[in-house]
Amino acid sequence: MSPDRSPEQTHRAVETVWRMEWPRLVAGLTRVVGDIDAAEELAQDALVAALEQWPRDGVPPNPGGWLMLTAKHRAIDRIRRNQTFARKLALLGHQLVTEQAPAEPEPDAAVADDLLRMMFTACHPVLPEQARVALTLRLLGGLTTEEIARAFVVAESTVAQRIVRAKRTIATKQVPYEVPSGAELTERLASVLAVVYLIFNEGYAATAGEDWIRVELCQDALRLARILAELLPAEPEVHGLVALLELQASRLPARTGPANDVVLLADQNRARWDRLLIRRGFAALGRANAVARDRGVLPGSYALQAAIAAVHAMAATPQDTDWRRIAGLYAVLAARFPSPIVELNRAVAVSKVHGPAAGLDLVDALAASGALDSYHLYYAVHGDLLSQLGRHAEAGAEFIRAAELTGNKAERALLLDRAEDSGAR
């Protein structure tokens, strides 16, 4: 170590390392001590030690290894002096004391296994969806309860309760800290991917609050997806999800205007799209399709959605968009993975190919099912199609209804502006 940084630089280095190493640290400690709460406590102990020692001694060459080793030594110390902590860890704690902490950091393969175990534990189907999201962001994203609460515009106490209940459920249900295999892996992987996708979507189009996008959440989800792709390279849908998130994230710089207002896809300055992320998305989509071919399976839902995003990314202007191909991909997606939201998106694509009346027919069919009665984007799409057909009064009413249903301030302003343009305000 060489203490060649200022205290402020060292403190920033600690924070950066902490955010990067937190998932590996907690995952590895959970494997060692068998308890998520204890693992988090020990990780916090290691952070305190880093804040005390690194400003004096300098940042070590292997900060992650230093934190892990320090946490394990702290575990030994706490077991020796704290009977309650020792009883909590039981035989695992005894094993730590008798074997002592290893002198070398865990090998990459062990770290990868630990991260996978933590992902499958945090996203276990026994937990409610909101609890999976909160626990994943806490354990694998390194976010504090305050940061998670701010991202989802809920009370910090609500997030804390979700995390506490999730950990309690994992303990009482004796959820194994392991990566499943065979058919169970496929089933559980779907839950993991769904959580990562939900986190990204909340960042891409926030359901509540003043800001329409939350870039940090998108970045956290993208990082988690990339980790999964490295850990599970033979799973085509993992690459499909990475491709989708890379391509969607490429548009983030163009999705808001100077006043933090919403900029829709057709109005975005495509010169602001991130070309590096687009290239990464194309590469991930190629891997998804190649792995699917090797396994003799069809592209999954995420790969199909990524293919749609790729068509948009290839168009230099909105007028260059190959809407016929997009409509065809949505038809395949709707046939293999039917859902009202997929059908709504297909209606938009069909309207671009065959005109707004054709799209409106599909949207009206959705109205009859009642599946999207409380979904604000249904009314926004309905209003847009009506507006294109010159039915402005009806369109304005739909935009107002959409504005009433959204919890996002920026999106509500856009919808009310569209209602006003239709003469309904």
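Worth knowing before you read on, the calculation uses all heavy atoms, side chains too, and leaves out hydrogens, waters and symmetry mates.
A donor-acceptor contact shorter than 3.5 Å links the side chain of Arg336 to the backbone of Pro299. Remark: the backbone N or O of His376 is not paired with any side-chain donor or acceptor of Arg401 at under 3.5 angstrom. No donor-acceptor pair under 3.5 Å is formed between the side chain of Asn345 and the backbone N or O of Tyr330. Looking at Tyr177, its side chain does come within 3.5 Å of a backbone N or O of Ala27 through a donor-acceptor pair. A donor-acceptor pair under 3.5 Å links the side-chain atoms of Ser351 to the main chain of Val348, judged by distance alone. With hydrogens and angles disregarded, a donor-acceptor distance shorter than 3.5 Å links the side chain of Gln268 to the backbone of Val263. The main-chain N or O of Val154 is never found under 3.5 Å from a side-chain atom of Thr158 such that the two would form a donor-acceptor pair. Judged by distance alone, the side chain of Arg272 and the main-chain N or O of Pro253 form a donor-acceptor pair under 3.5 Å. In this structure a side-chain-to-backbone donor-acceptor pair under 3.5 Å is missing from Asp211 to Arg214. Side-chain atoms of Thr321 never come within 3.5 Å of backbone atoms of Trp323 as a donor-acceptor pair (strictly under, hydrogens ignored).
Side-chain contact check for Leu25 versus Leu29: some heavy-atom pair is nearer than 4.5 Å. Side chains of Ile213 and Cys218 form no contact here, defined as non-hydrogen atoms less than 4.5 Å apart. Residues Gln219 and Leu217 are not in side-chain contact: their nearest non-hydrogen atoms beyond the backbone lie 4.5 Å or more apart. Between Arg132 and Val126, the closest side-chain pair of non-hydrogen atoms is not below 4.5 Å. Between Leu137 and Phe152, some side-chain heavy-atom pair lies under the 4.5 Å cut-off. With a 4.5 Å cut-off on side-chain heavy atoms, Phe282 and Leu247 count as touching. The side-chain heavy atoms of Leu414 and Leu416, taken from C-beta on, include no pair separated by under 4.5 Å. By the 4.5 Å heavy-atom criterion applied to side chains, Thr136 and Met119 are not counted as neighbours.
The two residues Val33 and Ala38 make their nearest non-hydrogen contact at CG2-CB, 4.2 Å. Minimum interatomic distance between Ala419 and Gly396 (heavy atoms only, all atoms of both residues): CB-O, 3.8 Å. Minimum heavy-atom separation, Ala208 to Asn408: O-ND2, 3.6 Å. Annotation for Ala288 and Ala303: closest pair CB-CB, 4.4 Å, computed over non-hydrogen atoms. Residues Val59 and Pro63 approach most closely at CG1-CG, 4.0 Å, considering heavy atoms. A pairwise comparison of heavy atoms in Tyr378 and Val363 identifies CE1-CG1, 3.3 Å as the closest pair.
Going from atom CG of Leu47 over to atom CH2 of Trp54 covers 8.5 Å, rounded to the nearest 0.5 Å. Note that CG of Leu386 is 5.0 Å distant from CZ of Arg391, once rounded to the nearest 0.5 Å. To the nearest 0.5 Å, the span separating OG on Ser301 from CG on Leu193 amounts to 10.0 Å. Rounded to the nearest 0.5 Å, atoms OG1 (Thr169) and CD (Gln174) are 13.0 Å apart. The line from CD1 of Ile170 to CD1 of Ile36 is 4.0 Å long, rounded to the nearest 0.5 Å. Atom CG of Leu222 is separated from atom CD1 of Ile199 by 12.0 Å, given to the nearest 0.5 angstrom.
When only modelled atom types and interatomic distance are considered, Thr207 and Glu202 share a side-chain donor-acceptor pair under 3.5 Å. Side-chain atoms of Glu394 and His382 include no donor-acceptor pair closer than 3.5 Å. Side-chain contact check for Tyr197 and Gln305: at least one donor-acceptor pair (N or O, by modelled atom type) lies under 3.5 Å. Defined by atom type and a distance below 3.5 Å, a donor-acceptor pair is missing between the side-chain atoms of Arg138 and Thr145. A donor-acceptor pair shorter than 3.5 Å cannot be found between the side chains of Asp384 and Ser387.
A salt bridge links Arg295 with Glu235: the closest approach of a Lys/Arg side-chain nitrogen to an acidic carboxylate oxygen falls below 4.0 angstrom. Salt bridge Arg280/Glu246: present, at least one basic N to carboxylate O contact under 4.0 Å. Arg223 has a carboxylate O that lies under 4.0 Å from a charged side-chain N of Asp220, or vice versa, which qualifies the two as a salt bridge. Taking the charged nitrogens against the carboxylate oxygens, Glu156 and Arg150 have no contact shorter than 4.0 Å, which rules out a salt bridge. By the 4.0 Å N-to-carboxylate-O rule, Asp114 lies too far from Arg24 to be salt-bridged with it.
Each of Leu115, Leu245, Val196, Val242 was scored for a side chain to side chain contact (heavy atoms under 4.5 Å, CB included) with Leu224, with one residue passing: Val196.
In this structure, Arg188 fails the cation-pi test against Phe120, since its NZ or CZ atom is not both closer than 6.0 Å to the six-membered ring centre and inside 45 degrees of the ring normal.
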Begin from the C-alpha positions of Val262 and Leu264 and carry the test side chain to side chain contact (heavy atoms under 4.5 Å, CB included) through to its verdict. CA-CA 6 Å; Val262 175; Leu264 297 177; 4.0 Å; yes
_Test log, rule side chain to side chain contact (heavy atoms under 4.5 Å, CB included), inputs Leu140 and Met118_ = CA-CA 8 Å; Leu140 291 156; Met118 184 58 77; 3.9 Å; yes
Take Arg324 and His354, measure what side chain to side chain contact (heavy atoms under 4.5 Å, CB included) needs, and give me the verdict at the end.
CA-CA 9 Å; Arg324 192 172 297 277; His354 300 292; 4.3 Å; yes
Q: Starting from the C-alpha separation in whole Å, work towards a yes-or-no answer on side chain to side chain contact (heavy atoms under 4.5 Å, CB included) for Leu185 and Val179.
A: CA-CA 7 Å; Leu185 172 62; Val179 179; 4.3 Å; yes
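Enclosure of atom CD in Gln161 by more than 12 non-hydrogen atoms of other residues, nucleotides or ligands within 6.0 angstrom is indicated. Atom CZ of Arg325 has 12 or fewer neighbouring heavy atoms from other residues, nucleotides or ligands inside a 6.0 Å radius.
Screening residues 121-130 for side-chain hydrogen bond (donor to acceptor under 3.5 Å, both in side chains) gives Gln130-Arg162 as the qualifying pairs, with residues at least two apart or on separate chains. Residue pairs meeting the ring-ring contact (aromatic ring centres under 6.0 Å, His included) criterion with at least one partner in residues 202-223, sequence neighbours excluded, are Phe200-Tyr204.
For His312 and Trp273, the gap between ring centers reaches or exceeds 6.0 Å.
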